Amino acid sequence: NNVAVYYGQGSNQPRLKHFCEQTTSDIINIGFINQFPKHVGDFPGSNFANQCDGSFFPGTELLSGCHQIWQDIPSCKAAGKTILLSIGGGTATAQSIPDEATAVWFADFLWYSFGPYNSAISSLGWTEELAGLAFPRPFLTSSVDGFDFDIEYNGGVGYAAMINRLRWHFTKSPEQTYYISGAPQCPIPDAQLGDAIANSHFDFIWVQWYNTGGCSAADWVHGTGKFNFDDWVGVIEKSANPNAKLFIGLPASKDAANAGFYLTPKEVKPLVKTYMDKHPKHFGGVMLWEATAGDNNIIDGSTYTEHIKDILYD
Ligand SMILES: CNC(=O)NC(=N)Nc1ccccc1
């Protein structure tokens, strides 16, 4: 079982390698690409909080000075971590896919800009004169192992087409495994990712079993509502990838989610044990929002993230 954490939106977060030097997390989602292209040829925008130097590729909202992320990704991979780039996140306004052509363009942009570096297609020293001729490299020569979809608004159509296009790119690089993951909210069907999960191949689904009352992990612990892991197993078995792994998404500290959704490790343990045992085929582990919050949440001398890792491995 794996621990997946989000990185990139933590307050006063340390650099990425701080988390790659720890054994606790296996998958790190770097968030976010939070502005989506409005049409073919338009650039997405990014935000990684304190982690870049505030410079952008000219004429875009795409950060160009994320030197620490560039430097740290290779050591993260050497430490056996899977590094995914997360698309979406909490800013509502700029997330939507207007049409199929833009979905394909967005997928191509992500692949050529953040996937395996190909000097024939992408330029390390991208300038505006190269617009339309070459893709930029926000993490320079470093590349990610796949893409996470944290689509919280305006979802629906477009994401299946985007993911199927990314999967096509993956087939052209058989020497390495690439992944697609998603972070739906717990109500079924998820308005934003339900169509994509049904019609395109996900490897991991980490449901945000927080911030939505009635189906949350806190509901299970408090005997309220209906925690719906079983129902999500049904969604996955009917999806484009019935073998996708299902992770329990949890807040890593009290202030990492809306009030009432944080669970202590003691509260988490029976929940994880129950569903790990009940669904051995589909249970993938735990996802935490988010890395820095978990690192700063020290309980009995261990971080929250360490406690979660111990629960999975005990
Ligand atoms: C996987 N994405 C998230 O977990 N997003 C998220 N937690 N957003 C948020 C919503 C309310 C309070 C704090 C964070």
Side-chain angles (χ1 to χ4, degrees), residues 2-13 16 19 25-36 44 46-51 82-96 144 146-155 159 163 179-188 190-194 196-197 202-219 227-229 232 235 244-263 268 271 284-297 304-305 308:
N2 286 331
V3 173
V5 296
Y6 277 85
Y7 171 81
Q9 297 300 313
S11 60
N12 302 317
Q13 64 195 348
L16 177 61
F19 298 100
S25 54
D26 308 289
I27 301 169
I28 302 179
N29 298 313
I30 303 179
F32 285 106
I33 298 290
N34 65 338
Q35 308 275 338
F36 293 11
S46 56
N47 176 293
F48 302 112
N50 67 353
Q51 278 307 299
T82 296
I83 303 296
L84 306 181
L85 178 66
S86 192
I87 319 301
T91 50
T93 50
Q95 291 178 29
S96 68
V144 297
F147 302 92
D148 173 66
F149 287 80
D150 179 13
I151 306 303
E152 313 210 4
Y153 309 91
N154 311 324
Y159 293 102
I163 289 163
Y179 303 96
I180 294 289
S181 59
Q185 311 294 331
C186 56
I188 295 171
D190 180 76
Q192 320 313 340
L193 287 169
I197 291 168
F202 281 74
D203 298 287
F204 319 120
I205 303 278
W206 19 78
V207 178
Q208 297 183 46
W209 268 301
Y210 46 91
N211 294 343
T212 304
C215 50
S216 71
D219 281 305
F227 173 68
N228 59 356
F229 191 99
W232 270 100
V235 169
K245 292 290 184 188
L246 186 57
F247 287 61
I248 298 180
L250 298 171
S253 73
K254 206 185 285 291
D255 59 14
N258 297 333
F261 293 99
Y262 171 71
L263 298 172
V268 169
L271 168 66
V286 173
M287 174 276 276
L288 295 177
W289 176 269
E290 49 74 65
T292 303
D295 214 35
N296 295 333
N297 184 7
Y304 188 85
T305 313
I308 295 300

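When a ligand or atom number is given, it counts from 1 through the structure's own listing order. Since we're looking at a predicted model, the values are computed, not measured. We use all heavy atoms of the structure for the numbers below, so side chains are in, but hydrogens, waters and symmetry mates are not.
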(Q) Which heavy atom of D219 sits nearest to which heavy atom of G214, and what is that distance? (A) OD2-N, 2.7 Å
Q) Partners of F202 by ring pair (Phe, Tyr, Trp, His ring centres under 6.0 Å), sequence neighbours excluded? A) none
Q.
Tell me every residue that passes side-chain contact (heavy atoms from CB on, under 4.5 Å) with Q35, counting only those two or more places apart in sequence or in another chain.
A. E61, A94
Check ligand 1 for close polar pairs with the protein: N or O on both sides, less than 3.5 Å.
| unit_1 | atom_1 | unit_2 | atom_2 | d |
| --- | --- | --- | --- | --- |
| ligand 1 | 2 (N) | D150 | OD2 | 2.8 |
| ligand 1 | 2 (N) | E152 | OE2 | 3.4 |
| ligand 1 | 4 (O) | Q208 | OE1 | 3.4 |
| ligand 1 | 4 (O) | Y210 | OH | 2.6 |
| ligand 1 | 5 (N) | E152 | OE2 | 3.3 |

Can I get a per-line list of side-chain donor-acceptor pairs under 3.5 Å for residues 246-255, giving both atom names and the distance, sequence neighbours left out?
| unit_1 | atom_1 | unit_2 | atom_2 | d |
| --- | --- | --- | --- | --- |
| S253 | OG | D255 | OD1 | 2.8 |
| S253 | OG | A256 | N | 3.4 |

Q. Taking atom types as modelled and ignoring hydrogens, do the side chains of N29 and E290 form a donor-acceptor contact shorter than 3.5 angstrom?
A. no
Q. Hey, which of W209, F227, F229 is the one that makes side-chain contact (heavy atoms from CB on, under 4.5 Å) with C186?
A. W209
